[in-house]
There are 2 protein chains.
Amino acid sequence: MKSKITLKDIAKELDVSISTVSKALKNSKEISKETKDRIKAFAKFYNYRPNNIALSLKNRRTKNIGVVIPDIVHHFFTTVFRGIEKYANSMGYNVIICISDESFDKEVINMEMLANGSIDGFILSLSAETQKKNDFTHLKELLDQGIPIVLFDRITQEIACDKVILNDFEIASEAVSHFVLSGAKKIALITTERYFNVSENRKNGYLEGLKLNNLKADDNLILTLPHNKDNTDLITKFFQNNEVEAVLCVNEIFAVQCMGIIQHLGYTVPDDISIIGFTDGILSQNSSPKLSTVAQHGEKMGEKAAKLLIDRIESAEMEEEPFRTEVINATLIKRGSTIN
Amino acid sequence: MKSKITLKDIAKELDVSISTVSKALKNSKEISKETKDRIKAFAKFYNYRPNNIALSLKNRRTKNIGVVIPDIVHHFFTTVFRGIEKYANSMGYNVIICISDESFDKEVINMEMLANGSIDGFILSLSAETQKKNDFTHLKELLDQGIPIVLFDRITQEIACDKVILNDFEIASEAVSHFVLSGAKKIALITTERYFNVSENRKNGYLEGLKLNNLKADDNLILTLPHNKDNTDLITKFFQNNEVEAVLCVNEIFAVQCMGIIQHLGYTVPDDISIIGFTDGILSQNSSPKLSTVAQHGEKMGEKAAKLLIDRIESAEMEEEPFRTEVINATLIKRGSTIN
DNA sequence: TATTAACACGAAACCGTTTTCGTAACTTTT
DNA sequence: AAAAGTTACGAAAACGGTTTCGTGTTAATA
């Protein structure tokens, strides 16, 4: 077991000073060619690599970014994460990930743990609890300390920082119009409780879509489901009690559950009822018929978020750039669960 | 913007030495009560937190672990990761994640990047390419440098380290027996190319299951599908050309694709054909009928892997413990795609 | 009263780098 | 031959902590 070699080791072995070794390896012209060659050869032979931690301490830059997401077993977040990792890596950054598990406390604790030097900035999607509490002091404190933050998807207007969001409103409206074009008039929405701002946006987009098409909104056609429960009964009753021609679901689980129940009730998709979901995930791609859905382009979102953050990190000390909000354009993927 | 406060700042402000501050905050009894109180109050007021990087440099311990997985948009890996994160976090460790993207080079580069001080150990599942190449020199070198590694799921016998695996062989055999109990004799296997050792183990377990039940293996009933392709035609032909009563699939995507195709061909699941998949993921839970499947208990696997690694890290310097291989027992979840 | 012990603190080394500055030994210029 | 400029390197500070050891001041003991 040969432990990692340091500058000091090289210096001692070659009988020069540490500074000389450092300079030689950085190809400084302060050092003579012969000495440089000797040192480089030796370093190469022993596979010298500078210690990241020492560099971080010296440079006050870790080249690490912290990512805090509510859940990892979730298609959308993993695609975003993939985008983050991809871009970050290409820029020489590593990614430290923390899962808030939808908990405010875990979000706070994790971020504080990382904030003491471990990372240069955060990319964050708010936990459900944080959104419910509407308490963002932890974020404000970090920003105060000069640690840049980029929010994505589950954001808040309460804090000033870079953000990346989806055009939820517009795409929901577009989905409704798509239903209308195929002849539907009784268009339902299945959504989650409203402290998720994305759900709220989608709902408003849905309402706007109805308005644009001169349809009247009907509260009975909006089903709000609780989080993390078995919703089979609620959905079944919903379709038994209401005449529905099309349904927009704010996520793909709802969509695929709906489809199962609708089929079970004896209707056919899309002939009797059309369905559009959100998230072009594994479920949408493998159901039968395949689900028409809103592709959120998570990977692109992640790349954008990472770019915003790294730009901000690397331009620090510069004059403060104004904060930006990037909008990712969702696209409607038309598959078997709608009439095209 | 108030930048982070350091020991030096406190020392200067309170007109004591840095050592005194450090000791006071660690409640050393070398320091008088009054001085300690003064310093603690000051530190608390300014929300002093020691700099992680400085601590890492001093202690030569980062309290970070590196996780390298082939893919993040993948239910099994995310559950394992969740287990890792959970345990690691509870022990005060952070998790740096790298995605190898099934590429040998990315695996090597990422690990080397982290190995220069950024982490105290690795948890790794081999990339497809690495398994194909059968080249593990990068792992050997890291082990040589004294960096502990824990392999999970996609492992290799070529290197000596702690490992966590699933009892793929036994559970596949058990699945076959379950089919037999419900009356099936013509039992098929749908698998991936064999350089995935888990697939190989599952296949061997399948064969063993047949043998145990006095059934003859039939090569025609084994369908090997290429990676990342649209396999619809291959699967369709397979079921058109072969009489099959039950099928074991090595992952849930194959299983749900199978089910769709089987139903499309006019058979019913499970009456005509039973299906068991691997991975109790979102697909299995939301298909209709719901898929009977092998639960891999990824979270448990992740926790075990993290525990093995952290134990190893924290017992370093101690006499070398022998390497361990933990086996996670998969369980068969019987749902609608089999006759129970 | 002289010696020893306890107390409370500071100086300095160390972790592994980078970088500024100083300087001895040549070389070139006048 | 003296002054100035190069060359090639080393010493030391800095990043932010921890920890060992030394020491001056008191208090306890002989």
Side-chain angles (χ1 to χ4, degrees), chain A residues 3-40 42-43 46-64 113-120 145-146 316-317, chain B residues 3-40 42-43 46-64 115-120 145-146 316-317:
Chain A
S3 200
K4 275 263 145 190
I5 194 174
T6 69
L7 287 187
K8 198 201 259 188
D9 299 330
I10 302 182
K12 199 186 302 175
E13 210 64 34
L14 263 38
D15 214 41
V16 290
S17 75
I18 295 179
S19 1
T20 302
V21 178
S22 176
K23 288 171 189 165
L25 293 176
K26 309 204 94 185
N27 222 352
S28 158
K29 47 189 209 165
E30 264 182 70
I31 309 297
S32 71
K33 183 158 186 337
E34 304 94 76
T35 312
K36 276 197 276 195
D37 288 347
R38 259 173 75 223
I39 293 177
K40 282 185 192 166
F42 189 91
Y46 284 100
N47 195 29
Y48 169 78
R49 295 273 179 280
N51 180 303
N52 289 333
I53 298 294
L55 285 179
S56 296
L57 185 59
K58 185 86 194 73
N59 302 333
R60 303 149 121 245
R61 280 286 173 74
T62 62
K63 286 255 178 185
N64 287 156
M113 216 173 139
L114 291 182
N116 299 308
S118 298
I119 50 93
D120 297 336
Q145 286 170 28
E317 327 299 345
Chain B
S3 201
K4 277 261 144 191
I5 194 174
T6 70
L7 287 187
K8 197 201 262 189
D9 299 330
I10 302 183
K12 198 186 300 171
E13 210 63 33
L14 295 179
D15 214 39
V16 290
S17 75
I18 294 179
S19 1
T20 302
V21 178
S22 175
K23 288 171 189 164
L25 293 177
K26 308 204 95 183
N27 222 352
S28 158
K29 47 189 211 164
E30 263 182 70
I31 309 296
S32 71
K33 182 158 184 336
E34 305 93 75
T35 313
K36 276 198 277 198
D37 288 347
R38 260 176 74 224
I39 293 178
K40 283 187 193 165
F42 190 90
Y46 284 100
N47 195 28
Y48 169 78
R49 296 274 179 279
N51 180 302
N52 289 332
I53 298 293
L55 286 179
S56 295
L57 186 58
K58 182 80 187 126
N59 303 333
R60 301 146 121 246
R61 280 287 174 74
T62 60
K63 286 256 181 184
N64 287 156
N116 300 309
S118 298
I119 50 94
D120 298 336
Q145 286 171 28
E317 328 299 343

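Note that this is a predicted model, so its numbers are computed, not measured. Proteins get letters first, then strands, A, B, ... in listed order; numbering begins at 1 in each. Every heavy atom of this structure was used, including side-chain atoms; hydrogens, water molecules and symmetry mates were not.
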Exercise. Does the side chain of A:Ser17 come under 3.5 Å of the side chain of A:Thr20 through a donor N or O and an acceptor N or O?
Worked result: yes
Exercise. To the nearest 0.5 Å, how far apart are CD1 in B:Ile31 and CG in B:Leu25?
Worked result: 10.0 Å
Exercise. Could you give the start and end, 5' to 3', of the contact zone on DNA chain D for chain B, using atoms under 4.0 Å from its heavy atoms?
Worked result: D:dC15 to D:dC21
Exercise. What distance do A:Ile53 atom CD1 and B:Ser56 atom OG have between them, rounded to the nearest 0.5 Å?
Worked result: 4.5 Å
Exercise. Which residues pass the salt bridge (charged side-chain N to carboxylate O under 4.0 Å, His left out) test with B:Lys23, sequence neighbours left out?
Worked result: B:Glu30
Seminar exercise, completed: The bend of the helix from C:dT1-D:dA30 to C:dT30-D:dA1, taken between the axes of its five terminal pairs at each end and rounded to 10°, is 70°
For this session: Rounded to the nearest 0.5 Å, what's the gap from CG on B:Asn52 to CG on B:Leu57? Could you check?
Result: 12.5 Å
For this session: Please answer whether the main-chain N or O of B:Ile5 pairs with a side-chain N or O of B:Asp9 as donor and acceptor at a distance below 3.5 Å.
Result: no
Exercise. Residues in side chain to side chain contact (heavy atoms under 4.5 Å, CB included) with A:Asn27, at least two apart?
Worked result: A:Lys36, A:Lys40
For this session: Tell me, please, which residues at least two apart from B:Tyr48 pass ring-ring contact (aromatic ring centres under 6.0 Å, His included).
Result: none
For this session: Let me have a per-nucleotide readout for nucleotides 8-18 of chain C, 5' to 3', with B, S or -, counting only protein heavy atoms under 4.0 Å.
Result: BBBBB-BBBBB
Problem set entry | Short side-chain donor-acceptor distance under 3.5 Å, B:Lys4 and B:Asn51 | no
Exercise. Do the side-chain N and O atoms of A:Thr35 and A:Ser32 include a donor-acceptor pair separated by under 3.5 angstrom?
Worked result: yes
